[in-house]
Protein chains: 2
Amino acid sequence: MFVASTLFVMSTSPSAADPADPGAAAVPPPPWRKAARPSSRRPLSTGAVVEAALRIMAEEGLAGVTMRRVAQALDTGPASLYAHVRDKQDLHELMLDEVFADAPVPVPDPGRWREQLREHTVAQVRVLLDNPGSAEIAMRTMIPTTPRLMAQMDAQIGILRAGGMTPEEAGAAGDLLALYGTAFAFEQELHGGPGQASGAEDAARRIGEITGYLRSLPEGVFPHLAALVGGMAPGRGDPMRHFEYGLDAIIAGIERAAGRESGT
Amino acid sequence: MFVASTLFVMSTSPSAADPADPGAAAVPPPPWRKAARPSSRRPLSTGAVVEAALRIMAEEGLAGVTMRRVAQALDTGPASLYAHVRDKQDLHELMLDEVFADAPVPVPDPGRWREQLREHTVAQVRVLLDNPGSAEIAMRTMIPTTPRLMAQMDAQIGILRAGGMTPEEAGAAGDLLALYGTAFAFEQELHGGPGQASGAEDAARRIGEITGYLRSLPEGVFPHLAALVGGMAPGRGDPMRHFEYGLDAIIAGIERAAGRESGT
DNA sequence: ACTTGCCACGAACACCGTTCGTAGATAGAA
DNA sequence: TTCTATCTACGAACGGTGTTCGTGGCAAGT
């Protein structure tokens, strides 16, 4: 019964607009084989949509995550997704939340707050870098509304409070660290190349061009820049080293700013 | 003479393709009036395209800057733009360059490098904030290839060198400052609302929602976050104050990192 | 058994960036 | 001057995009 009616709809759907249709439709599709396919489990929950979207992002980058592409992966049409996801933006935020699914949520330890802050921030950035595309979402979201991201933020502020900061100081410092971490990860995935995009190649070409241009210029036009490009290689070293340079600078600055006001 | 030949060509061009054409063509187009329109000044240079694009960005945000929209503003078709601009990305970079047209390029003064660095960075961010949409371009560009942006970067590195840093230190510090400035401006324009977008309203709604959600939770789930939202208003104060907090922290950190290695 | 609400989804709408081919203008050569 | 070659402008179209509408079948409440 179920199968039959389904098949009926499928085979006649083009002519469904024409109720008075005899058997004249081009080849009455004998679909014995087909029967199994449409009834083969279609849960199609929010979770399934997010999961499919994440898989696509991992393989084809964030730009590959289109509603049509996700729908196709779940073999259905794009309209079906909107029952489980409000927007594309909403889908993005759910993806970001899922990405942080197994990131640890540290409990603040006053005696170790500096190390904890460093480790926590590094861990967050590592999550973003491990999931290319997620940093772009994070950049565009900034105010977290999903539970896991709120837990991360809460932990971070907890650590800063454990370091003796006032709520205001902790808020400002947390903003700064989150902004830096997110922006850094985004920049990395921009010209680090998420596997598929021309990122790395493009970046290399660009700094090649810029080097050539600088050399072609009369000496002393951009002297400091010219001095720099000499000792520069495109993708040298662990990006994390670079990140930690900035992180340490920021933490030191934060501490100093807090100490200046609270006297410690 | 000129006019006559122009008219001749125009009036006969349709029938030129069909040599065996009698007088039957639908109204042999008498184009006296027409002659003035196509010749009515259409320079359509790269500069004009960029200028139109910037005007649109100011009025409708970066999302409003579509090739079709820009073409319409110059009343032509989108295809015409591609003679003066390689890409949409190319157009974006030209726009960003133009935005920095009258930003001052400081000459490094060793005795004042800290103040200079601060002022220069603040000025750059102010330019981005004054031109909503530009920060998003800057965020997505990162490696400058246009002359004015290179001049800005050169000056910045010059200031850092004047502060006694090695080229490597200056490069890292410059990266960090540029990343921070760009990301900050982008975040501001995200939920600051570029006049047209729902930015501010959306941000307010979001922190309203999040506050309500936090209150609805059993006490002590996100304790630090809950303590924070109490003393938080959506758009309080000058965003620049916020920026300068982070900037001072970063400059202090940079200085410390440089001193640590070079011994000053 | 009937109604009601919900999920799936085909079709369509209004856009988007970009390319192709052609017509007109212009500049250089003869 | 006249012929040719090169360049600009641009209408039309291609292959995408996010999102909405309306319908049709299913399942649960009454």
Side-chain angles (χ1 to χ4, degrees), chain A residues 1-19 37-49 52-53 56 60-92 140, chain B residues 1-18 29 31 34-35 37-49 52-53 56 60-92:
Chain A
M1 178 60 133
F2 167 74
V3 170
S5 72
T6 302
L7 287 176
F8 178 79
V9 170
M10 289 192 69
S11 60
T12 57
S13 70
S15 57
D18 180 10
R37 275 299 263 132
S39 73
S40 75
R41 215 77 27 72
R42 317 275 220 89
L44 197 49
S45 62
T46 301
V49 171
I56 292 170
E60 314 176 26
L62 182 60
V65 182
T66 69
M67 300 307 260
R68 284 173 159 84
R69 185 74 189 72
V70 173
Q72 175 196 324
L74 295 162
D75 64 81
T76 177
S80 305
L81 305 181
Y82 286 83
H84 305 276
V85 148
R86 218 190 350 264
D87 256 332
K88 204 197 179 196
Q89 170 67 19
D90 188 39
L91 172 58
H92 280 170
R140 204 170 293 278
Chain B
M1 177 63 126
F2 168 73
V3 170
S5 73
T6 302
L7 287 177
F8 177 77
V9 169
M10 289 191 69
S11 61
T12 55
S13 68
S15 57
D18 183 4
K34 267 288 184 116
R37 267 302 260 132
S39 72
S40 76
R41 216 72 30 69
R42 315 276 221 91
L44 197 49
S45 61
T46 300
V49 172
I56 292 169
E60 314 177 25
L62 182 60
V65 181
T66 69
M67 298 309 257
R68 284 174 157 83
R69 186 72 191 72
V70 173
Q72 175 196 323
L74 295 162
D75 64 86
T76 178
S80 304
L81 305 181
Y82 286 83
H84 305 277
V85 149
R86 210 182 5 257
D87 256 332
K88 204 197 179 195
Q89 171 67 21
D90 188 39
L91 172 58
H92 280 170

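Order of the sequence lines sets the chain letters (A, B, ...), proteins ahead of strands, with each chain counted from 1.
- Nearest heavy-atom pair, Ala52(A) versus Val70(A), reported as atom, atom and distance to 0.1 Å: CB-CG1, 4.3 Å.
- Following rounding to the nearest Å, Arg86(B) (CZ) and dT18(C) (P) show an atom-to-atom distance of 11 Å.
- Rounded to whole Å, the distance from CD1 on Ile56(B) to P on dC16(C) is 11 Å.
- At the phosphate of dT17(D), OP1 or OP2 sits under 4.0 Å from a side-chain N or O atom of Thr66(A).
- One can place CD of Gln72(B) at 13 Å from P of dG11(D), the figure rounded to the nearest angstrom.
- The separation between Asp87(B) atom CG and dT18(C) atom C1' is 9 Å, rounded to whole Å.
- If you take CG of Asp90(B) and C1' of dT18(C), they are 14 Å apart, rounded to a whole angstrom.
- Closest-nucleotide positions on DNA chain C for His84(A) and Lys88(B) were compared, and the one nearer the 5' end corresponds to His84(A).
- Taking atom CZ of Arg69(B) as the reference point, atom C1' of dA14(C) lies 16 Å away to the nearest angstrom.
- Residues Lys88(B) and Val65(B) come closest through the heavy atom pair CE-O, 3.2 Å.
- Leu44(B) has its CG atom 5 Å from the P atom of dA9(D), to the nearest Å.
- Of the candidates dA12(D), dT18(C), dA9(D), dA12(D) carries the atom nearest the Ala79(B) side chain, counting heavy atoms from C-beta on.
- Among the nucleotides dT19(D), dT18(C), dA9(D), the one closest to the side chain of Pro78(A) is dT19(D).
- Checking the phosphate oxygens (OP1, OP2) of dA9(D), no side-chain nitrogen or oxygen of Ser80(B) falls inside 4.0 Å.
- Proximity note for Arg68(A) (side chain, C-beta onward) versus dA9(D), dA8(C), dT17(D): the nearest is dT17(D).
- In this structure, Thr46(A) contributes its side chain and His84(A) its backbone to a donor-acceptor pair below 3.5 Å.
- The phosphate of dC10(D) (OP1 or OP2) has a side-chain N or O of Thr76(B) nearer than 4.0 angstrom.
- Checking dT19(D), dT18(C), dA9(D) against every side-chain atom of Ala83(B), the shortest atom distance belongs to dA9(D).
- For the pair Met67(A) and Val85(A), the tightest heavy-atom approach, listed with the atom from each and the gap, is CE-CG1, 4.3 Å.
- Of all the heavy atoms in Leu81(A) and Ala71(A), the pair that sits closest is CD1-N, 3.9 Å.
- Closest to the side chain of Tyr82(A), out of dT19(D), dA8(C), dC9(C), is dT19(D).
- Protein atom CG of Leu62(B) is 13 Å distant from nucleotide atom P of dC16(C), rounded to whole Å.
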